[in-house]
**Student:** 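This is the structure I have questions about; it appears just below.
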Amino acid sequence: MSGGPLIVQSDKTVLLEIDHPQSAEARGALAPFAELERAPEHVHTYRITPLALWNARAAGHDAEQVVDVLVQYARFPVPQPLLVDVAETMARYGRLQLVKNPAHGLVLVSFDKAVLAEIKRHKKIAPMLGEQIDDDTVIVHGSERGHLKQELLKVGWPAEDLAGYVDGEAHPIDLSTEEEKWALRDYQEMAAESFWSGGSGVVVLPCGAGKTMVGAAAMAKAKATTLILVTNTVSGRQWKRELVRRTSLTEDEIGEYSGEKKEIRPVTIATYQVITRKTKGVYRALDLFDSRDWGLVIYDEVHLLPAPVFRMTADLQSRRRLGLTATLVREDGREGDVFSLIGPKRYDAPWKDIEAQGWIAPADCVEVRVTLTENERMIYATAEPDERYKICATAKTKIPVVRKLIEQHAGAPTLVIGAYLDQLDELGETLDVPVIQGSTPNKEREKLFEQFREGEISCLVVSKVANFSIDLPEASVAIQVSGTFGSRQEEAQRLGRLLRPKHDGGQAHFYSVVSRDTLDADYAQHRQRFLTEQGYAYRIIDADDVLGPELPQIGE
DNA sequence: TATACCGTAA
DNA sequence: TTCCTTACGGTATA
């Protein structure tokens with residue numbers, strides 16, 4: 001037993017010692033099957049969850065590898081019962097299989113009679129099952145393929161879906177690498193390949209790693225009509241542009257199905273909003289799914305997939321489904337539905353791996369802690385609970401820190417990002433920097449973006465528009481002054497804004513300005529979890545270290 | 001017929 | 001838990 005960086009505990013938590021020389025290595029090995037729970041300075045706590053183990057299993061890892069990682073990096077002997085539990089949990093995935101039976105249609109096959117007996121007695125599952133054909137095979141009502149998988153996952157017996165797919169209406173699609181002189185990156189190729197051989201599921205890649213190209217590669221494999229679901233119209237148009245540029249598809253073959261237009265073409269791009277729209281309680285775009293014999297459905301930004309789309313997806317189980325996302329984490333905890341209905345994780349590449357290959361820029365993440373003034377602390381302490389976060393997040397004490405940080409990176413393209421308009425307006429005013437918010441007309445946004453790209457303006461203050469607008473120019477410095485409570489994916493997206501490789505190979509700087517000893521600090525910690533899991537280390541510094549020695553002032 | 005504006009839901 | 005943004009679709013306007 002070497003003095004490794006991990007302490008594996010029988011309650012399935014794993015402690016990682018950050019200062020240990022092997023900590024980065026161990027983190028990388030641990031991440032595929034454990035979720036980061038807490039990340040204070042010296043010791044991070046991970047939890048081994050069943051879903052993470054099943055995702056690892058579906059992505060091709062076996063129990064032996066997981067056990068090896070735990071044993072190899074452990075400081076103390078790993079509790080034997082935990083290792084047994086890991087192996088047993090992983091073995092649960094695939095013990096039940098959904099397959100096509102030539103005589104009976106969809107059937108559930110079990111390699112364990114006891115499991116079959118157990119689930120047949122389950123109240124929610126029993127009605128979806130038909131007659132039992134033999135000792136280990138039971139008929140499943142064809143329309144319950146998705147619902148059954150959801151319920152089986154909930155009771156801890158996730159089924160492997162090998163029932164296959166309809167081909168859908170054929171449509172020629174090829175990647176056009178000739179004229180544009182480009183090639184799929186290795187990881188994009190591998191992601192598309194793993195998806196295709198797995199049948200359906202999710203590909204996880206960092207912001208800016210070219211997920212659209214994985215979608216295009218999947219379409220080129222399917223060579224069939226494709227429905228692409230996106231979060232907003234701007235992103236839909238981006239998809240269309242990329243597909244026209246990178247594939248044999250022409251503009252006429254790609255339809256936009258949104259509030260504005262209702263085109264249905266061999267490749268159709270629809271917004272989540274338009275398909276979840278209801279009149280008198282009835283979904284009105286249901287015909288979109290039936291109007292064509294789709295061979296492939298692509299879900300962009302799976303972590304934002306709205307609940308009704310899960311319901312519709314339950315009925316689409318015979319179509320190939322590809323989910324794309326930067327993070328499997330959902331703030332609403334529906335990761336299990338993604339697993340059951342879209343499919344398990346087929347491929348992921350940690351941000352740090354893509355960084356090492358040079359496709360995204362390295363980033364220096366810094367949390368700057370400011371101390372509230374006596375007055376601010378008093379207001380904070382006596383505030384109503386629903387106002388407390390806003391008060392500490394928008395503390396005026398943050399302003400000089402932001403100013404100083406901008407000065408330190410003078411000339412570098414810098415974004416100041418926040419969630420509260422009052423705060424942003426004030427920052428814009430005192431720093432003399434333009435502010436872009438929801439109410440900023442498109443014309444003006446474009447003008448400012450253009451000036452920012454050209455270097456005429458080196459700093460912009462942006463609101464939550466930064467979460468949506470994909471036209472926002474690349475920057476090399478971001479200063480975050482407030483966020484949407486503890487949203488991890490918002491943090492990831494904000495960092496993602498900085499990660500386009502810099503032409504001089506330089507690194508990006510990501511600052512989070514946080515009020516010490518307040519809710520702001522708690523939420524900041526929660527937000528950082530995802531990126532910490534990806535191997536980003538936040539340095540914590542004091543605001544005074546940024547501001548430098550101050551001359552004593554008279555009358556303060 | 002095209003565009004602007006507004007209220008609502010998420 | 002709030003604040004903020006967006007898309008949709010109806011109505012008004014030319």
Side-chain angles (χ1 to χ4, degrees), chain A residues 228-239 256-263 268-288 300-312 330-334 379-380 383-395 415-428 435-446 449 460-472 480-491 493-494 497 515 518-527:
Chain A
I228 303 170
L229 305 177
V230 299
T231 51
N232 59 49
T233 46
V234 186
S235 142
R237 300 207 180 116
Q238 171 115 335
W239 267 90
E256 174 184 327
Y257 195 94
S258 66
E260 255 173 81
K261 295 182 192 165
K262 297 280 187 287
E263 304 161 347
T268 299
I269 304 171
T271 55
Y272 286 130
Q273 292 225 20
V274 80
I275 62 173
T276 52
R277 204 80 185 175
K278 285 199 251 191
T279 31
K280 290 181 190 150
V282 181
Y283 290 109
R284 89 173 57 164
L286 282 176
D287 62 312
L288 178 63
D300 196 17
E301 316 272 17
V302 163
H303 56 284
L304 299 174
L305 195 92
V309 178
F310 279 122
R311 252 167 273 145
M312 296 170 189
R330 291 178 61 100
E331 307 299 342
D332 65 359
R334 296 194 64 167
I379 297 171
Y380 175 73
E384 294 293 319
D386 52 346
E387 290 178 331
R388 294 186 91 204
Y389 175 62
K390 181 172 181 176
I391 288 172
C392 56
T394 60
L415 296 172
V416 177
I417 312 178
Y420 295 98
L421 295 181
D422 295 348
Q423 180 186 33
L424 298 177
D425 286 338
E426 183 163 11
L427 275 163
V435 180
I436 297 178
Q437 60 188 58
S439 61
T440 312
N442 261 326
K443 264 219 166 115
E444 198 181 328
R445 290 188 200 194
E446 276 164 34
F449 288 164
L460 285 177
V461 175
V462 290
S463 71
K464 278 193 199 176
V465 291
N467 296 7
F468 301 93
S469 156
I470 51 176
D471 292 340
L472 189 70
Q480 172 172 241
V481 293
S482 51
T484 310
F485 300 92
S487 171
R488 287 168 280 185
Q489 55 120 346
E490 184 178 81
E491 184 99 347
Q493 193 152 27
R494 287 173 173 181
R497 293 287 178 202
S515 301
T518 65
L519 273 179
D520 195 22
D522 296 343
Y523 285 128
Q525 242 210 10
H526 188 265
R527 285 201 300 263

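Letters go in sequence order (proteins before strands), and every chain restarts at 1.
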**Student:** Between dT5(C) atom P and Gln493(A) atom CD, what is the distance in whole Å?
**Tutor:** 15 Å
**Student:** Please state how far atom CG in Asp520(A) lies from atom P in dT2(C), giving the value in whole angstrom units.
**Tutor:** 18 Å
**Student:** Once each nucleotide of nucleotides 6-14 of chain C is scored for protein heavy atoms under 4.0 Å, what B/S/- sequence comes out, 5' to 3'?
**Tutor:** SBBS-----
**Student:** With sequence neighbours excluded, tell me which residues meet side-chain contact (heavy atoms from CB on, under 4.5 Å) with Leu304(A).
**Tutor:** Thr231(A), Glu301(A), Gln489(A)
**Student:** Indicate, with a heavy-atom threshold strictly under 4.0 Å, whether Phe485(A) touches base, sugar-phosphate, or nothing.
**Tutor:** base
**Student:** To the nearest Å, how far apart are Asp422(A) CG and dT2(C) P?
**Tutor:** 16 Å
**Student:** Between dA10(B) atom P and Phe310(A) atom CZ, what is the distance in whole Å?
**Tutor:** 16 Å
**Student:** Which residues pass the salt bridge (Lys or Arg N to Asp or Glu O under 4.0 Å) test with Glu331(A), not counting sequence neighbours?
**Tutor:** Arg488(A)
**Student:** Which residues pass the side-chain hydrogen bond (donor to acceptor under 3.5 Å, both in side chains) test with Asn232(A), not counting sequence neighbours?
**Tutor:** none
**Student:** Rounded to whole Å, how long is the line connecting atom CZ of Arg494(A) with atom P of dC4(C)?
**Tutor:** 13 Å
**Student:** Would you call the rings of Tyr420(A) and Tyr389(A) parallel, tilted or perpendicular if under 30° counts as parallel and over 60° as perpendicular?
**Tutor:** tilted
**Student:** Rounded to whole Å, how long is the line connecting atom CG of Leu519(A) with atom P of dT1(C)?
**Tutor:** 14 Å
**Student:** Could you check how far OH of Tyr420(A) sits from C1' of dT5(C), rounded to whole Å?
**Tutor:** 14 Å
**Student:** Name all residues meeting the side-chain hydrogen bond (donor to acceptor under 3.5 Å, both in side chains) criterion together with Gln493(A); count only those two or more places apart in sequence or in a different chain, and write none if there are none.
**Tutor:** none
**Student:** Please list, chain by chain and in numerical order, all residues satisfying salt bridge (Lys or Arg N to Asp or Glu O under 4.0 Å) with Asp425(A), sequence neighbours excluded.
**Tutor:** none
**Student:** Please report the distance, rounded to the nearest Å, between CD in Glu331(A) and P in dT1(C).
**Tutor:** 16 Å
